[in-house]
Novice: 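Structure provided below as structure tokens; questions to follow.
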Amino acid sequence: MRKPKILIIYTGGTIGMRRDANGTLVPFDFNSIEEEFPSVRQLNVDIEVDKKMTPIDSSNVTPERWAELARIIRDNYEACDGFVVLHGTDTMSYTASALSFMLENLAKPVVFTGSQIPMGIMRTDGRENLITAIEIAASRRSDGSPMVPEVSLYFQNRLMRANRTSKLSAEALNAFDSCNYPPLAEVGVNIFFNDDDIIRPSAETAREPLRISEQMDENVVIVKLFPGITERTLRSMFAIEGLKGAVLETFGTGNAPTEEWFLETLAEAIGRGITIVDVTQCRSGAVDMQLYETGLRLKKIGVVCGRDMTSEAAVTKLMWLLGKKLPKSDFLRELSKPLRGEFAE
Ligand code: ASP
């Protein structure tokens, strides 16, 4: 069997930092990856390195960068068997969630990873994250098809569905978690793939060419509720000119105040065409709008149930769907069903 060809795309972040002769942290040149990490050669993989993206700190990432990344993957899709995207950890879950929606008919692995400690520091977690991400992107089943043909995120021994992840620690090396979905693979001495939890494209989808939809509509907002939020605050958020969508981070199973001004503000916004998605502030568990009066009232005014979706997935899905300019009924239908495994049905 031909060696799998993997494209490494370095977009920036801690993983790509090394010390120069003066001890200053500077970006690492991934073109010399095989000299730097001879162990990569043992992987039996052909490695290509993208030269187009300029590295940035991921706090500066924008939907325009997501589109650039999607285009690089599209342009190399036929020639490569898998992709490893090296990204700053701070916004990696947003970018990886966005890409999971933007890459349509994806049938090859796109594995995001990064590190908490720069590559050039002895104790780096980047080396293992990078090597294992390459190995996962190159893994095939006995029939030759890719092991994980979806957008995933590898960090500290776990491969997770990208649009189920959040960065939960600024300190720990296992910085990411997927609280509502099991890992796609667990890594110890061996890599164990949880086959039943991995989405595989239908034979029909796998035959379709990769399509990217680059248009993301940025007229969205995330509104996190807290006890004491005032009518003035809430109204001013929903009065933002041109606003089209909001992710409402509610309490517990999707609950919110039942005061008239609160519900009126949301109902007026929905009346003006703004879509509101209810997700929970809790790390795990799901929104159930039928359970309490507080949730039920949101449902009655037309708030969309986000189930167990992360805010990262909800906001990028909203941007992506709004960017498609669908008729409202199609838009709401697509929003309310899982398209890339981003929430449980
Ligand atoms: N600030 C860095 C970034 O997100 C942090 C990291 O890579 O871990 O680009």
Side-chain angles (χ1 to χ4, degrees), residues 7-20 23-33 36-37 49-70 72-73 83-100 102 110-134 136-137 151-179 183 187 216 218 222 283 310-316 319:
L7 180 69
I8 297 183
I9 309 169
Y10 175 53
T11 68
T14 298
I15 190 166
M17 295 291 174
R18 58 171 304 161
R19 291 207 191 282
D20 67 7
T24 316
L25 281 174
V26 292
F28 174 93
D29 177 10
F30 281 92
N31 285 301
S32 59
I33 184 171
E36 205 64 42
F37 306 115
V49 179
D50 161 73
K51 297 185 182 68
K52 286 208 178 118
M53 276 217 137
T54 30
I56 59 162
D57 187 293
S58 79
S59 309
N60 286 319
V61 82
T62 57
E64 186 36 54
R65 291 270 298 187
W66 298 340
E68 196 182 339
L69 187 51
I72 291 174
I73 293 173
F83 302 84
V84 171
V85 181
L86 304 176
H87 197 284
T89 57
D90 291 345
T91 60
M92 183 150 57
S93 290
Y94 289 92
T95 300
S97 295
L99 267 286
S100 77
M102 294 164 94
V110 176
V111 187
F112 277 76
T113 196
S115 74
Q116 292 279 71
I117 305 175
M119 200 67 114
I121 306 278
M122 283 274 265
R123 230 161 37 74
T124 185
D125 50 332
R127 197 174 307 122
E128 193 281 319
N129 284 348
L130 170 64
I131 304 272
T132 309
I134 297 172
I136 288 171
V151 182
S152 58
L153 188 154
Y154 178 73
F155 222 84
Q156 269 267 307
N157 308 332
R158 274 181 312 158
L159 182 75
M160 295 162 273
R161 174 166 304 145
N163 59 32
R164 292 299 200 130
T165 63
S166 295
K167 181 176 180 183
L168 295 188
S169 177
E171 169 66 26
L173 296 186
N174 61 343
F176 288 83
D177 211 342
S178 159
C179 297
V187 177
M216 301 292 266
E218 294 165 32
I222 298 179
R283 298 258 184 268
T310 61
S311 288
E312 291 89 332
V315 78
T316 52
M319 287 171 146

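Along the sequence shown, residues carry numbers from 1. Start at 1 and go down the list; that is how both ligands and their atoms are numbered.
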Novice: Please state which protein non-hydrogen atom is closest to atom 9 (O) of ligand 1 and give its distance, to 0.1 Å?
Specialist: Ser58 N, 2.7 Å
Novice: How far is atom 7 (O) of ligand 1 from its nearest protein heavy atom, and which residue and atom is that?
Specialist: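 So the nearest neighbour among protein heavy atoms is Thr14 N, 2.9 Å.
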Novice: Is Leu25 close to Arg19 at the side-chain level, that is, under 4.5 Å between some pair of heavy atoms?
Specialist: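 They are in contact (side-chain heavy atoms under 4.5 Å apart), so the answer is yes.
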Novice: Check ligand 1 against Ser115 and write out every atom of the ligand that is under 4.0 Å from a heavy-atom position of the residue.
Specialist: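 Result: 8 (O).
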Novice: Using heavy-atom distances, let me know which of Thr95, Ile15, Asp90 sits nearest atom 1 (N) of ligand 1.
Specialist: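 Going through Thr95, Ile15, Asp90 one by one, Asp90 has the nearest heavy atom to atom 1 (N) of ligand 1.
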Novice: Judged by atom type as modelled, is there a donor-acceptor pair below 3.5 Å linking the side chain of Thr316 to the main-chain atoms of Ala313?
Specialist: yes
Novice: Determine whether Thr95 and Phe112 make a side-chain contact, defined as any pair of heavy atoms from C-beta on separated by less than 4.5 Å.
Specialist: yes
Novice: Output yes when the distance from some N or O of ligand 1 to some N or O of Asp57 is under 3.5 Å, and no in every other case.
Specialist: yes
Novice: Relative to the heavy atoms of Gly13, which atoms of ligand 1 are at a distance of less than 4.0 Å?
Specialist: 7 (O), 9 (O)
Novice: I'd like to check Met102 versus Met216 (side-chain heavy atoms, cut-off strictly below 4.5 Å). Are they in contact?
Specialist: yes
Novice: Name the closest protein heavy atom to atom 8 (O) of ligand 1, giving the residue it belongs to and the distance to 0.1 Å.
Specialist: Thr89 OG1, 2.4 Å
Novice: Compute whether any side-chain donor of one residue and acceptor of the other, for Ser93 and Thr165, lie under 3.5 angstrom apart.
Specialist: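 Result is yes, a qualifying pair exists.
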Novice: Identify whether the distance between the nearest side-chain nitrogen and carboxylate oxygen of Asp177 and Arg158 falls below 4.0 Å.
Specialist: yes
